[in-house]
Amino acid sequence: MIEIKHLVKRFGPFTAVDGVSFTVQRGEVLGFLGPNGAGKSTTMKMVTGFLTPTSGTAVVAGHDVSKEPLKVKQVIGYLPEGAPAYADMTPESFLNFVAGVRGLKGRAKTERIEAVVRMVHLEGVMRQTIDTLSKGFKRRVGLAQAILHDPDVLIMDEPTDGLDPNQKHEVRSLIKSMAATKAILLSTHILEEVEAVCTRAVIINRGKIIADGTPSQLQAKSRFHNAVTVTVRNASGGAAAVRGDLRSLGGVSDVQEAPGRNGAVSFLVLPKGGRAIIDEIGHHARTKGWELDELHAEAGRLDEVFRSMTAGEGVKA
Amino acid sequence: MTTAATTPRSLNPLSRTLCVLKRELAGYFVTPVAYVFIVIFLFVTGVFTWSKDLGGFFDRGQADLGAFFYFHPWLYLFLIPAISMRLWAEERKQGTIELLMTLPIPLPAAVLGKFLAAWAFAGIALAMTFPMWVTVNYLGKPDNGVIVAAYIGSFLMAGGFLAVGSFVSALTKNQVIAFVITVVLCFGFLISGYAPVMDMLSGWAPAAVVDAVAGFSFLTRFDSISKGVIDLRDLVFFFSMIAVFLFATAIVVDAKKA
Ligand SMILES: Nc1ncnc2c1ncn2[C@@H]1O[C@H](COP(=O)(O)OP(=O)(O)O)[C@@H](O)[C@H]1O
Ligand SMILES: [Mg+2]
């Protein structure tokens, strides 16, 4: 549904987006990840026809945005960064305006607005001016506007930014509920969001894509992929002996102390090259007669992957 | 989901223009600005018209609205930029321009819709001066043809100023700057046919240039229309001014979206 082809955007001498390509299929929720200033918003603005690319293009539902921008704009529902909306309008008049522009009329229009208002829970504030709404409600107005025409393609720039945990959860549930029938592209710099809603993640840094895969594929790149946490209750020789034992195992690259409880000793055991080492550790524990409180492997840590890939970047707000 | 979304949607540019126009026009009335504007407009036209020293309506010894229309260009010089300054500057400041430009609205429809809303608003303010018209008819026997012509001229002039203002508003996100620049530009268009300016120019500039500059004068054209002479060339002039500045607005909006 979304096909992004070698998009480049330069602002003067500065290249904000540098040859970005990826596709999003129907049923996919693609998380577009990157530190602040990586080029996420700029990419989205080009896909939605707001900014003209320096080179490259995007094809949305078969329409090239540089040749048929209006067709593309019809297909897409877009929530720009910060969910801009006309401050002195009410959600009611604002959604009516957007629905009108989207070509909805009469009863179909009223019914669709009602349905969307229920979906995003705007019922109580429909007649209040938008500038008096809380951030959470403003965001919902933006979401309502974006999904009003039940678009095949939904593009959202940081949809949960600045929301409290409950509101984040609500927005994510809404996204998940729509995921099956749409192609969804959302940008975020919140890693848990990717794990919570995305079927795929693309990481961008300094305008270039540096990773593209499912969340578990990205997790597999983590130092902590297949890392094992082991907690031993009866460490006879003390913590040092257990650590020494673990370190001597073939697949182990490093052993880090972890907080133990009730006198038990606990370690985080990192594998060499992402190998699965849990069996080896379990086997060793049995031969040593360790009583284990805890023995589990991790899938990996996205935040660590993200940080190691984009290290030293994105401190500017 | 619902059938609403699956029904085919028209992409009629005219209906999009109307959507923008309606939203924009309603926008004038949700804040007190519109009412303040209209009150000021009515008050000032009233003062100018009826006061002894300025309009001298009662001293003219004749029932017409000459005094009333005489001040319109100068009133518009400050009131019209106050309407037009927010047209695009506000969109850019609020960030709603990104929303507007990613909705399926052709750029000309957006530019035209906004302009027409502003023009309609100016028209509403102008229409609310009708008690003056009623009054002169009550007091005497004015030439109502001349008055109609003058209303048309005034409305056209407002449109010309608004188009200039729309263009300037697209250049900045600061409404105060938009206001000031629009006043200056409109002032130029007003006085370009004014005798002292012409005298100054004709001292050194070639006659063709002097004529060209004079041709751009809103003032001379409005003067002749408001005397009851609706010359096709004057109509063409105002509509061309509007078209040129709206075209320029579209170019600027497109170039300066970010
Ligand atoms: N209109 C613009 N003019 C100049 N530089 C810009 C403009 N818009 C964005 N940038 C720069 O492009 C880079 C990418 O910005 P953006 O796409 O907003 O990043 P992100 O959304 O990933 O945080 C940033 O360094 C930003 O300062
Ligand atoms: Mg951004």
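Below, chain A is the first sequence line, B the second, and so on; all start at residue 1.
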Original post:
So what's closer than 4.5 Å to chain A heavy atoms on B/Glu91: side chain, backbone, both or neither?
Top reply: side chain
**OP:** Check each atom of B/Leu18 against the heavy atoms of chain A and say whether the ones under 4.5 Å are side chain, backbone, both or neither.
**Re:**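 For B/Leu18, there is no contact with chain A at all, as no heavy atom is under 4.5 Å.
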Step through the shown structure and confirm whether more than 12 heavy atoms of other residues, nucleotides or ligands are within 6.0 Å of [atom1] on [X].
| X | atom1 | answer |
| --- | --- | --- |
| B/Phe29 | CZ | yes |
| B/Phe37 | CZ | yes |
| B/Phe237 | CZ | yes |

If every non-hydrogen atom of [X] is compared with every non-hydrogen atom of [Y], which pair is closest and at what distance?
| X | Y | value |
| --- | --- | --- |
| B/Val30 | A/Asp88 | CG2-O, 3.6 Å |
| B/Cys19 | A/Gly100 | SG-C, 3.5 Å |
| A/Lys73 | B/Met101 | NZ-O, 2.8 Å |

[atom1]-[atom2] distance between [X] and [Y], expressed to the nearest 0.5 angstrom:
| X | Y | atom1 | atom2 | value |
| --- | --- | --- | --- | --- |
| A/Gln74 | B/Ile105 | CD | CD1 | 11.5 Å |
| A/Lys105 | B/Ser15 | NZ | OG | 5.5 Å |
| B/Leu99 | A/Tyr78 | CG | OH | 9.5 Å |
| A/Ile155 | B/Thr102 | CD1 | OG1 | 9.5 Å |

Got a donor-acceptor contact below 3.5 angstrom from the [X] side chain to the [Y] backbone?
| X | Y | value |
| --- | --- | --- |
| B/Glu98 | A/Phe50 | no |
| A/Lys71 | B/Pro104 | no |
| B/Arg16 | A/Val101 | yes |

**OP:** Quick one: which of A/Gly77, A/Ala87, A/Gly49 has the most heavy-atom pairs under 4.5 Å with chain B, could you say?
**Re:** A/Ala87
Original post:
Are A/Val98 and B/Leu103 close enough that some pair of their side-chain heavy atoms sits under 4.5 Å apart?
Top reply: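 Of all side-chain heavy-atom pairs linking B/Leu103 with A/Val98, at least one is under 4.5 Å.
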Original post:
Is the closest side-chain heavy-atom distance between B/Thr96 and A/Phe94 below 4.5 Å?
Top reply: no
